[in-house]
Amino acid sequence: MPFSVATWNINSVRLRIDLVRHFLAKHRPHVLCLQETKCVNGSFPHRAFRDAGYRHIAIHGQKGYHGVAIISRRPLSDIANMQLCGKDDARHITATIEHRKRPVTIHNFYVPAGGDEPDPKTNPKFAHKLAFVREMRTRMKTIAKPGAILVGDLNIAPLETDVWSHKQLLKVVSHTPVETEGLERARAAGQWVDLMRHFVPPEEKLYTWWSYRSPDWTKNDRGRRLDHIWVSPDLVETAKSLSVLREARSWERPSDHVPVIASFS
DNA sequence: ATGACGGATCTAATCCGA
């Protein structure tokens with residue numbers, strides 16, 4: 001019996017609930033982690049998920065911005081959220097699910113975008129992003145353990161092949177060296193395995209996000225890999241497949257991010 | 001050719017995303 005986890009920055013769960021329904025009906029992941037739900041917990045579309053067979057939901061939302069959720073076909077336990085950088089801004093939620101009598105703990109993150117200017121001295125949003133990633137690293141002592149999965153919109157494209165042009169994006173927020181090095185330090189501190197790159201060789205381009213501002217996202221394929229699935233080393237041998245649902249970027253009124261799905265035996 | 005868009009919000013223009 002396989003076990004699958006999906007992550008998707010939905011950019012408003014209420015606006016795109018029909019796309020989520022379609023995705024769940026077609027792919028049936030055991031767990032779906034959403035980011036940018038953009039609604040308070042009281043406005044979360046519980047019924048649509050319940051009707052789709054996903055009765056177990058952990059949400060951490062707020063008005064208008066950010067917001068994360070873990071949606072599951074099986075019971076969730078140990079639901080909690082962390083406040084990084086001392087802010088209660090709905091950027092993390094965790095829950096645990098049983099798989100083959102073993103607990104699998106999922107951490108769902110939405111890392112700050114970081115604004116335009118990649119200078120922490122002049123841009124407080126970029127300073128916040130760097131501090132957030134540093135704090136993720138210091139918290140790995142508690143969250144990185146056997147049977148753990150860390151997913152989410154980490155808003156950083158770490159490898160040269162995670163962006164359409166490494167050279168042109170070196171000074172663009174999401175791919176600057178201070179960000180990619182910070183993310184790598186956080187990953188290494190938890191001994192996490194970058195599961196997407198376990199399946200897709202680092203030589204190959206791999207994206208999960210394409211800007212809304214391009215009139216035709218398929219034309220030049222100027223994407224970035226901002227969404228990630230990291231797993232603890234013990235889970236690597238059980239991982240069976242990984243897919244990036246590129247087609248979702250062409251759905252009607254799409255999110256600018258597409259779902260990433262990992263399957264485990 | 002990093003914005004030409006798109007979402008939420010005290011429905012109008014402003015903030016935010018990355």
Side-chain angles (χ1 to χ4, degrees), chain A residues 7-20 34-45 59-69 85 87-92 108-120 122-133 136 152-183 205-228 244 248-260:
Chain A
T7 181
W8 192 9
N9 179 320
I10 193 61
N11 188 17
S12 175
V13 69
R14 289 176 296 171
L15 191 70
R16 284 183 239 290
I17 190 63
D18 287 342
L19 294 187
V20 178
L34 295 175
Q35 304 86 35
E36 285 207 88
T37 52
K38 293 189 174 178
C39 67
V40 295
N41 293 350
S43 303
F44 196 85
I59 48 176
H60 185 202
Q62 63 173 28
K63 192 166 83 173
Y65 303 107
H66 322 148
V68 287
C85 303
K87 294 175 192 277
D88 183 14
D89 55 355
R91 294 182 181 277
H92 169 267
N108 180 10
F109 279 96
Y110 176 53
V111 171
D116 282 325
E117 184 62 40
D119 181 355
T122 56
N123 174 8
K125 291 180 187 173
F126 194 68
H128 177 213
K129 182 179 196 175
L130 297 182
F132 191 98
V133 173
M136 281 177 76
D153 176 2
L154 305 185
N155 265 323
I156 296 171
L159 306 185
E160 296 191 9
T161 49
D162 291 335
V163 291
W164 62 274
S165 168
H166 169 63
K167 200 174 166 188
Q168 285 177 257
L169 287 164
L170 267 172
K171 291 182 176 171
V172 173
V173 172
S174 73
H175 192 61
T176 64
V178 65
E179 292 170 89
T180 58
E181 287 161 14
L183 190 68
K205 297 277 193 185
L206 186 60
Y207 314 138
T208 63
W209 172 90
W210 293 263
S211 172
Y212 280 128
R213 299 192 190 196
S214 171
D216 180 359
W217 74 277
T218 60
K219 197 163 185 180
N220 297 314
D221 195 19
R222 293 189 167 169
R224 303 178 203 169
R225 184 170 71 108
L226 303 179
D227 302 277
H228 298 269
V244 177
R249 187 63 180 79
S250 291
W251 290 349
E252 199 178 334
R253 288 195 89 181
S255 168
D256 45 358
H257 296 251
V258 299
V260 183

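We name chains A, B, ... by the order of the sequence lines, and we start the count at 1 in each one.
Heavy atoms of A:Asp116 sit under 4.0 angstrom from at least one base atom. Residue contacts for A:Asp216: at a heavy-atom cut-off of 4.0 Å it reaches no nucleic acid atom on any strand shown. Within 4.0 Å (heavy atoms only), A:Val172 reaches at least one base atom of the nucleic acid. Contacts of A:Leu169 with the nucleic acid, taken as non-hydrogen atoms under 4.0 Å apart, include base atoms.
In this entry the distance linking CD of A:Glu252 with P of B:dG7 reads 12 Å, nearest Å. One atom, CG of A:Leu19, and another, C1' of B:dG7, lie 14 Å apart when rounded to the nearest Å. To the nearest angstrom, P of B:dC16 lies 17 Å from CG of A:Asp256. Note: NE2 (A:His128) to P (B:dA18) measures 13 Å, nearest angstrom. When the C1' atom of B:dG7 is taken as reference, atom CD1 of A:Ile10 falls 12 Å away, rounded to whole Å. Nucleotide B:dA18 holds its P atom 11 Å from the CG atom of A:Leu154, rounded to whole Å. Between A:Arg222 atom CZ and B:dC5 atom C1' the separation is 16 Å, expressed in whole Å. Here the C1' atom of nucleotide B:dG6 and the CH2 atom of A:Trp209 are 12 Å apart, to the nearest Å.
Side-chain N/O atoms of A:His66 include one lying less than 4.0 angstrom from OP1 or OP2 on B:dG17. Remark: A:His257 is in phosphate contact with B:dA18, judged by side-chain N or O atoms under 4.0 Å from OP1 or OP2. Put simply, A:Tyr110 has a side-chain N or O that comes within less than 4.0 Å of OP1 or OP2 on B:dA18. Taking side-chain N and O atoms only, A:Arg213 has no distance below 4.0 Å to OP1 or OP2 of B:dG17. For B:dG17, one of the phosphate oxygens OP1 or OP2 lies less than 4.0 angstrom from a side-chain nitrogen or oxygen of A:Lys125.
Judged as a side-chain hydrogen bond (donor to acceptor under 3.5 Å, both in side chains), and not counting sequence neighbours, the contacts of A:Asn11 are A:Lys38, A:Tyr212. By the side-chain hydrogen bond (donor to acceptor under 3.5 Å, both in side chains) test, A:Gln62 pairs with A:His66, sequence neighbours left out. For the side-chain hydrogen bond (donor to acceptor under 3.5 Å, both in side chains) test, no residue two or more places apart in sequence or in another chain qualifies with A:Thr37. The side chain to side chain contact (heavy atoms under 4.5 Å, CB included) search around A:Ala248 returns A:Leu245, A:Trp251, A:Val258, A:Pro259, not counting sequence neighbours. Every residue meeting the ring-ring contact (aromatic ring centres under 6.0 Å, His included) condition with A:His175, not counting sequence neighbours, appears here in chain and number order: A:His166.
Nucleotides B:dG17 and B:dA4 have their C1' atoms positioned 16 Å apart, rounded to a whole Å. One P atom belongs to B:dC10, the other to B:dG6, and the distance between them is 23 Å to the nearest Å. A gap of 29 Å separates the P atoms of B:dC15 and B:dA1, to the nearest Å.
Contact check for A:Phe126 versus A:Asp116: no side-chain heavy atoms found under the 4.5 Å cut-off.
Note on residues 168-182 of chain A: pairs passing salt bridge (Lys or Arg N to Asp or Glu O under 4.0 Å), not counting sequence neighbours, are A:Lys129-A:Glu179. Residue pairs meeting the salt bridge (Lys or Arg N to Asp or Glu O under 4.0 Å) criterion with at least one member in residues 154-167 of chain A, sequence neighbours excluded: A:Asp162-A:Arg197, A:Asp162-A:Arg225.
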For nucleotides 8-11 of chain B, list the nitrogen or oxygen atoms of the protein found under 3.5 Å from its nitrogen or oxygen atoms, one pair per line.
residue	atom	partner	partner atom	Å
B:dA8	OP1	A:Ser12	OG	2.3
B:dC10	OP1	A:Lys63	NZ	3.4
B:dC10	OP2	A:Lys63	NZ	3.4

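Residues from residues 155-164 of chain A with heavy atoms under 4.0 angstrom of DNA chain B, sorted by number: A:Asn155, A:Trp164.
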